[in-house]
Protein chains: 2
Amino acid sequence: MGTTQLESVPEPKYWHLRTVLSEALDSEFSVGEILPNERDLAARFGVARATLRQALEQLELEGRLQRRRGVGTTVAPPRVGVAVGTEQHAWPGAAGDVWQTADCDLAVPAASVADALESGRDEPVHTVHRSRVTHGQPVAAELLYIPQSSVPDLSGIDAPSGAARARAVLRELHRLELEGQDSAVELGSARADDAKALDRLPGAPVLVVTTRYIAAGRTAALSVATYRADTCRLTFGDSGGVEIHEDPQRRAS
Amino acid sequence: MGTTQLESVPEPKYWHLRTVLSEALDSEFSVGEILPNERDLAARFGVARATLRQALEQLELEGRLQRRRGVGTTVAPPRVGVAVGTEQHAWPGAAGDVWQTADCDLAVPAASVADALESGRDEPVHTVHRSRVTHGQPVAAELLYIPQSSVPDLSGIDAPSGAARARAVLRELHRLELEGQDSAVELGSARADDAKALDRLPGAPVLVVTTRYIAAGRTAALSVATYRADTCRLTFGDSGGVEIHEDPQRRAS
DNA sequence: TAGTGGTCTAGACCACGTG
DNA sequence: ACGTGGTCTAGACCACTAA
């Protein structure tokens with residue numbers, strides 16, 4: 001029957017470019033190597049710089065490239081697996097915790113946080129700021145919300161804020177019996193403060209992990225952790241991380 | 001001391017625009033409402049269309065907007081929570097499984113998949129294609145890899161491929177005793193086949209969930225599931241989903 | 001100071017969905 | 001046929017890093 005459509009849907013240039021570059025990365029480049037600059041690459045492929053950048057953005061999103069202003073574009077190492085959920089639940093700050101406590105303050109949180117905590121919208125909440133570093137690189141920034149009612153006995157702590165105060169809040173939290181926890185993961189973009197902590201530009205893609213800690217039948221604490229999506233693979237489950245370091249999505253077409 | 005730097009770091013236009021639009025979405029628009037088209041919006045804000053599009057891309061990434069070619073830009077509903085990990089482990093296809101089996105074939109997989117399966121690089125592997133639909137919308141596409149050695153007794157099954165064959169493979173899988181499972185989540189971009197299944201364009205951001213199923217001390221099956229990052233919030237843990245429908249990241253600055 | 005990636009512009013044309 | 005978002009161009013200037 002008449003017409004056979006050979007290429008009824010022509011591939012966008014940037015998508016084809018992404019594929020070509022991806023294959024070149026596999027075969028001709030090694031981790032850490034610097035690519036030619038964007039103007040040269042665009043000229044070499046005969047496209048506008050904006051089109052080349054669209055391809056590079058894709059590859060950066062997939063964790064294949066790392067771009068730094070003033071420096072250049074380098075081949076990224078495989079994503080690091082970071083454990084964010086284990087079978088045995090544990091309070092933040094428990095033994096083996098990988099987070100580094102930085103600061104603490106006390107304020108009435110945004111309405112969405114108050115609702116998630118099931119606390120009153122006017123109740124002040126302790127907010128502990130923490131950060132997570134793996135292999136010398138910052139991978140996550142966390143805000144940990146703890147209603148005053150969860151840690152009522154904070155008397156005798158003189159520090160009004162700072163790391164000492166943060167540790168005191170966590171210590172009080174451990175006195176409660178943890179009944180369970182659940183988490184959710186979604187895509188977000190780094191706001192200014194997170195971006196600075198993660199050494200990225202604002203708007204960089206991040207994986208937002210929201211964890212509720214349950215004690216005495218209610219939400220005793222809420223963690224909102226922001227992970228660098230370009231460098232991290234979040235692992236859940238019993239055996240402490242899947243052993244795949246090749247991207248399993250990168251399969252034969 | 002002389003000069004006080006008021007705005008030493010001027011905010012990029014597209015980032016400021018993102019904030020302005022985000023606040024407008026909160027206060028002046030409701031879910032499903034159609035925004036003015038990109039050319040009008042750009043003119044209204046006095047920027048080039050490309051700059052406006054950069055802001056819209058951010059908001060789409062955050063799940064706030066939905067853009068469809070030939071139609072327009074609409075305000076997206078809150079992300080749906082989809083459960084991807086439960087306390088009680090279960091084989092794919094077990095009672096209560098939310099996946100819809102579509103097809104099955106038998107082939108030697110890509111090297112990275114073979115490595116993750118700890119199967120020989122030349123061993124043929126059953127590949128079951130499944131899809132997941134929530135609230136009438138496709139949210140995920142899955143490839144389920146099952147080495148022949150995991151389901152040796154497939155004799156008497158006449159269908160060489162197709163849904164019937166897929167169900168037979170899953171049925172055989174259930175005869176094994178599941179010892180555990182672990183998962184990993186990372187950001188990826190949809191390839192052509194996934195994009196079509198998810199009703200998105202190639203390159204759309206996706207959350208790739210890789211799950212290993214353990215039986216008899218080895219990896220009996222490997223699942224690579226691709227979720228729409230714009231519409232999904234992946235939930236893990238005991239209580240079947242966090243009850244936050246407001247984005248917890250969207251907090252006061 | 002030179003070179004990099006990041007931002008922005010003002011256009012053009014194309015693919016798609018709807019009427 | 002029309003209007004939408006998607007792709008692409010060829011430039012310009014800015015912010016940052018390192019020599």
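Just so we're on the same page: letters track the sequence lines, and every chain starts at 1.
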For [X] and [N], what is the distance between atoms [atom1] and [atom2] respectively, to the nearest whole Å?
X: A/Lys13; N: D/dG6; atom1: NZ; atom2: C1'; value: 14 Å
X: B/Ile34; N: C/dT18; atom1: CD1; atom2: P; value: 11 Å
X: B/Leu65; N: D/dT4; atom1: CG; atom2: P; value: 16 Å
X: B/Leu17; N: C/dT7; atom1: CG; atom2: C1'; value: 13 Å
X: B/Arg69; N: C/dC13; atom1: CZ; atom2: P; value: 18 Å
X: B/Arg53; N: D/dT4; atom1: CZ; atom2: C1'; value: 11 Å
X: B/Phe45; N: C/dC8; atom1: CZ; atom2: P; value: 14 Å
X: B/Leu52; N: D/dT7; atom1: CG; atom2: P; value: 16 Å

When all nucleic acid strands are considered with a 4.0 Å heavy-atom cut-off, which category describes B/Arg68: base, sugar-phosphate, or nothing?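 Contact class for B/Arg68: sugar-phosphate only.
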Less than 4.0 angstrom from a charged side-chain N to a carboxylate O is my criterion; do A/Asp194 and A/Arg191 meet it?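 Result for this pair is yes, salt bridge flagged.
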So which one's nearest nucleotide on DNA chain D is more toward 5', A/Gly70 or A/Gln54?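 Its nearest nucleotide being more 5', the pick is A/Gln54.
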Is it the case that D/dG5 (base atoms only) and B/Arg39 (side chain only) share a donor and an acceptor within less than 3.5 Å, ignoring hydrogens and angles? yes
Is any N or O donor-acceptor pair between the side chain of A/Arg49 and the base of C/dG6 shorter than 3.5 Å?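 It does, because a donor-acceptor pair links the side chain of A/Arg49 to the base of C/dG6 below 3.5 Å.
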Looking at the side chain of [X], which of [options] is the nearest nucleotide?
X: A/Tyr14; options: D/dC16, D/dT7, D/dT9; value: D/dT7
X: A/Val47; options: D/dG6, D/dT9, C/dT7; value: D/dT9
X: A/Thr73; options: D/dG6, C/dT9, C/dG5; value: C/dG5
X: B/Thr51; options: D/dT17, C/dT9, C/dG5; value: C/dT9
X: B/Arg67; options: C/dG17, C/dG5, D/dG6; value: D/dG6
X: B/Glu38; options: D/dT9, D/dG6, C/dT4; value: D/dG6

Consider salt bridge (charged side-chain N to carboxylate O under 4.0 Å, His left out). Of B/Arg53, B/Arg228, B/Arg18, B/Arg200, which one does B/Glu60 pass it with?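 Going through the options one by one, the only one that passes is B/Arg200.
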Between the side chains of B/Arg64 and B/Ser22, does any donor sit under 3.5 Å from an acceptor?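 Yes.
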Regarding B/Glu142 and B/Ser223, is there a side-chain donor-to-acceptor distance under 3.5 Å anywhere?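 There is such a pair between these side chains.
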For A/Asn37, does the CG atom sit with more than 12 other heavy atoms under 6.0 Å from it, leaving out its own atoms? yes
If the cut-off is 4.0 Å, is B/Asn37 near the phosphate of D/dT4, judged by side-chain N/O to OP1 or OP2? yes
